[in-house]
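Following: one structure in structure tokens, then a few remarks.
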Amino acid sequence: MPEPLIVARGLKKRFDDFEAVKGIDVEVQPGEVFGFLGPNGAGKSSTMRMIACVSPASEGTLRLFGMDPAVDGAKIRARIGVVPQLDTLDTELSVQENLWIYGRYFDLSRAECRRRATELLEFAQLTDRADSVVEHLSGGMKRRLSIARSLINEPELLLLDEPTTGLDPQARHVLWERLYRLKQQGVTQVLTTHYMDEAEQLCDRLVVMDQGLIVAEGSPRELIDQYSTREVLELRFGAGTNDQFGPQVVGIGDRFEVLPDRVLVYADDGEAALAEAHHRGLRPESALVRRSSLEDVFLLLTGRSLAD
Amino acid sequence: MSDTSIVLRIIPVSYLSGLGLRRPHRMIERHVMAYRRQWLIVVSGFFEPLFYLLSMRAGVGDLVGDVSVAGRSVPYDAFVAPALMASSAMNGAIFDSTGNVLHRLKYARIYDAALATPMGPADVAVGEISWALIRGQIYAIGFLAVMAAMGLTESWWSLMALPVCALIGLTFASIGFLGTTYMRGWSDMEIVNTLMMPLFLFSATFFPISSYGGWAWVVQLSPLYHGVALVRACNAGVWTASLVVHALVLLVISVVMLAWGSRRIDRLLRR
Ligand SMILES: Nc1ncnc2c1ncn2[C@@H]1O[C@H](COP(=O)(O)OP(=O)(O)O)[C@@H](O)[C@H]1O
Ligand SMILES: [Mg+2]
């Protein structure tokens with residue numbers, strides 16, 4: 001097994017007396033796409049900022065490429081690319097100037113900056129916007145530019161904090177496709193998201209994070225197999241009446257969960273569960289059988305949904 | 001470590017390299033890129049002291065008559081011109097190191113982006129202070145050219161005023177930068193404007209320090225006063241031992257503020 005790219009042990013982050021990250025252990029292997037899945041406030045960004053060597057760890061050990069951020073922060077940063085949660089593009093510069101100056105921060109020659117910028121503009125589908133002012137770009141374009149910028153130093157490790165939050169579905173799919181290409185090129189990626197579909201699409205392995213702690217770890221498939229049933233039956237009764245029907249589904253599947261707008265019945269055979277519900281005389285306004293997702297895993301582990 | 005214990009540090013270079021001082025010139029490169037399209041803004045701050053000079057020559061000078069400096073009698077505009085030159089270096093440095101730095105620090109988030117690369121907090125601080133200093137220097141050069149054209153320079157010694165103005169720029173850029181790291185928002189810029197005016201007026205700019213009587217010690221607290229004394233000496237070509245003290249005051253202020261400012265950037269942005 002190769003040396004892990006990232007090793008964190010008992011990693012903590014405190015802000016004054018508030019503990020945002022409460023001691024996590026993480027290992028990321030070269031070439032892997034690793035995810036932090038969790039709701040807002042889980043501590044994902046705090047963790048990412050420590051890994052990016054822009055925020056010192058309050059406690060625990062962290063090693064990237066075998067180096068300590070407290071000692072070799074600049075050396076580590078030279079080998080990674082960072083896409084922060086909020087774009088930090090330079091709004092006083094044009095699209096390509098953003099790439100040029102960023103390359104200069106990494107000590108690339110001017111000629112090399114221009115060469116890579118041309119390539120990356122192509123990669124980010126921004127070639128025809130090269131001279132545009134950053135302010136005039138759409139959200140999706142800005143995000144693509146942020147990713148292009150993070151690649152200017154040809155990083156071995158790419159950190160993406162909520163790469164697609166706030167983007168429309170089309171823009172998200174474009175981004176996913178670009179990230180998949182990078183994976184094929186062997187770039188290790190660590191990303192955070194609160195979209196379960198994004199985590200399922202992109203991550204080889206992920207951790208579910210909640211309130212500063214890791215509550216589960218594995219591949220998306222493993223997590224679903226371990227924590228959920230194969231299928232889920234969703235029953236929607238009228239608004240405000242869902243909680244009354246909860247008790248009536250007891251025993252239909254392995255478990256059930258009552259949400260404000262629906263009742264979830266966890267069963268390996270969803271159709272059979274639906275037949276049983278009908279047999280018991282239940283008449284929901286709508287019923288749907290679907291495969292289990294990471295959303296269900298999260299719900300089971302934390303009792304809350306990811307969107308909270 | 002508290003901010004104030006920095007003041008006690010006496011080896012700022014090793015201190016700064018601990019805060020990542022390796023490529024401060026990249027900040028300057030970034031600004032050259034950004035200002036290529038708006039160079040007029042850079043030049044505009046030069047005109048204020050120039051207008052003062054013109055008004056001194058046209059009106060006030062005739063009313064006031066000659067002033068006695070270091071035992072010699074000089075016309076009022078020749079007395080005021082070096083002080084205005086020092087002020088223009090101060091203005092350039094302060095303009096950039098306060099408003100522009102605040103914008104880049106809090107709103108444009110330029111430094112957050114830079115700190116995600118091998119750049120360090122000291123690169124940011126030293127780069128920004130150097131840029132502000134350069135801006136002050138541009139004003140000073142322009143000002144000296146105008147002085148020469150108006151016959152207010154007395155000898156080639158006047159050229160020595162340029163490195164002196166660089167020192168003045170360094171001092172005020174460092175002060176401005178540090179102060180800006182403590183600003184909460186745009187409203188705090190009012191404090192800068194409020195402080196600049198008395199500094200400009202009461203740094204032995206328009207009257208010799210002897211005319212301040214018992215209040216002379218207050219004037220000596222102003223960094224600009226020390227700058228003005230140096231530029232005046234350069235313009236007159238009169239060298240005294242006290243000039244070393246003036247230069248040292250500015251140098252010490254600069255070094256302390258610069259190290260402290262780097263520390264502040266580290267504290268603010270790498271938390
Ligand atoms: N700079 C900071 N100062 C104080 N509290 C912070 C700071 N950054 C984050 N927090 C707090 O830490 C917790 C985790 O935040 P964050 O890491 O941003 O979570 P996530 O990215 O998962 O939404 C939140 O409660 C947030 O308010
Ligand atoms: Mg976040």
Side-chain angles (χ1 to χ4, degrees), chain A residues 13-16 20 46 48-58 69-94 96-108 110 113 131 133-135 146 149-150 152-153 155 159 161, chain B residues 1-2 16-42 96 99-128 131 262-263 265-271:
Chain A
K13 183 71 203 184
R14 265 187 301 273
F15 297 107
D16 302 318
S46 304
M48 290 294 264
R49 286 172 49 79
M50 287 190 280
I51 296 175
C53 307
V54 292
S55 164
S58 309
V71 182
D72 289 313
K75 273 191 201 143
I76 298 171
R77 291 197 300 274
R79 295 169 66 177
I80 65 182
V82 179
V83 179
Q85 182 168 351
L86 300 175
D87 289 318
T88 55
L89 296 168
D90 196 324
T91 51
E92 287 165 25
L93 300 180
S94 73
Q96 64 181 349
E97 284 171 337
N98 261 276
L99 298 176
W100 292 343
I101 194 62
Y102 219 64
R104 298 293 286 159
Y105 291 160
F106 284 95
D107 288 336
L108 302 179
R110 289 198 177 81
C113 288
D131 293 314
V133 180
V134 165
E135 272 175 308
S146 279
R149 192 182 68 168
S150 74
I152 195 87
N153 58 327
L159 305 175
D161 197 353
Chain B
M1 193 176 9
S2 77
L16 288 175
S17 70
L19 284 169
L21 182 63
R22 284 171 62 222
R23 36 179 89 69
H25 50 290
R26 297 283 184 248
M27 285 321 300
I28 297 173
E29 213 177 313
R30 185 256 159 213
H31 299 331
V32 170
M33 224 181 238
Y35 281 100
R36 262 199 307 236
R37 284 179 292 264
Q38 34 182 338
W39 55 270
L40 251 179
I41 297 179
V42 177
D96 211 272
N100 289 350
V101 166
L102 183 66
H103 171 69
R104 294 178 202 134
L105 174 68
K106 282 215 156 55
Y107 305 96
R109 298 240 150 229
I110 304 291
Y111 309 145
D112 293 76
L115 291 180
T117 74
M119 299 269 288
D123 286 327
V124 169
V126 173
E128 288 302 77
W131 171 254
S262 304
R263 181 72 196 171
I265 286 294
D266 188 51
R267 274 299 168 87
L268 284 177
L269 299 181
R270 294 215 281 206
R271 41 171 307 161

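Below, read A as the first sequence line, B as the second, and so on, with proteins coming before strands; counting in each chain starts at 1.
To the nearest 0.5 angstrom, A/Asp90 atom CG is 9.5 Å from B/Met33 atom CE. With values rounded to the nearest 0.5 angstrom, A/Thr88 atom OG1 is found 10.0 Å from B/Leu115 atom CG. From A/Arg149, atom CZ reaches atom OG1 of B/Thr117 across 9.5 Å, with rounding to the nearest 0.5 Å.
By number of non-hydrogen pairs under 4.5 angstrom with chain A, the leading residue of B/Ile110, B/Leu269, B/Asp112 is B/Ile110. Top candidate by heavy-atom pairs under 4.5 Å with chain B, chosen from A/Arg110, A/Met50, A/Lys75, A/Arg79, is A/Arg110.
For the pair B/Met27 and A/Tyr105, the minimum side-chain heavy-atom distance is below 4.5 Å. By the 4.5 Å heavy-atom criterion applied to side chains, A/Ile101 and B/Arg26 are not counted as neighbours.
Proximity to chain A is limited to the side chain of B/Arg23, based on heavy atoms less than 4.5 angstrom apart. Neither the backbone nor the side chain of B/His31 comes within contact range of chain A; no heavy atoms are under 4.5 Å apart. Within the 4.5 angstrom heavy-atom criterion, no atom of A/Ala52 approaches chain B. For chain B, no part of A/Ile80 is nearby; none of its heavy atoms comes within less than 4.5 Å.
Side-chain N or O atoms of A/Ser55 include none that pairs as donor or acceptor with a backbone N or O of B/Arg270 at under 3.5 Å.
Salt-bridge check for B/Arg109 with A/Asp87: failed, with every basic side-chain N at 4.0 Å or more from each acidic carboxylate O. A salt bridge is defined here as a Lys NZ or Arg NE, NH1 or NH2 lying under 4.0 Å from an Asp or Glu carboxylate O, and A/Glu92 with B/Arg104 fails to meet this definition.
Annotation for B/Arg271 and A/Lys13: closest pair C-NZ, 3.4 Å, computed over non-hydrogen atoms.
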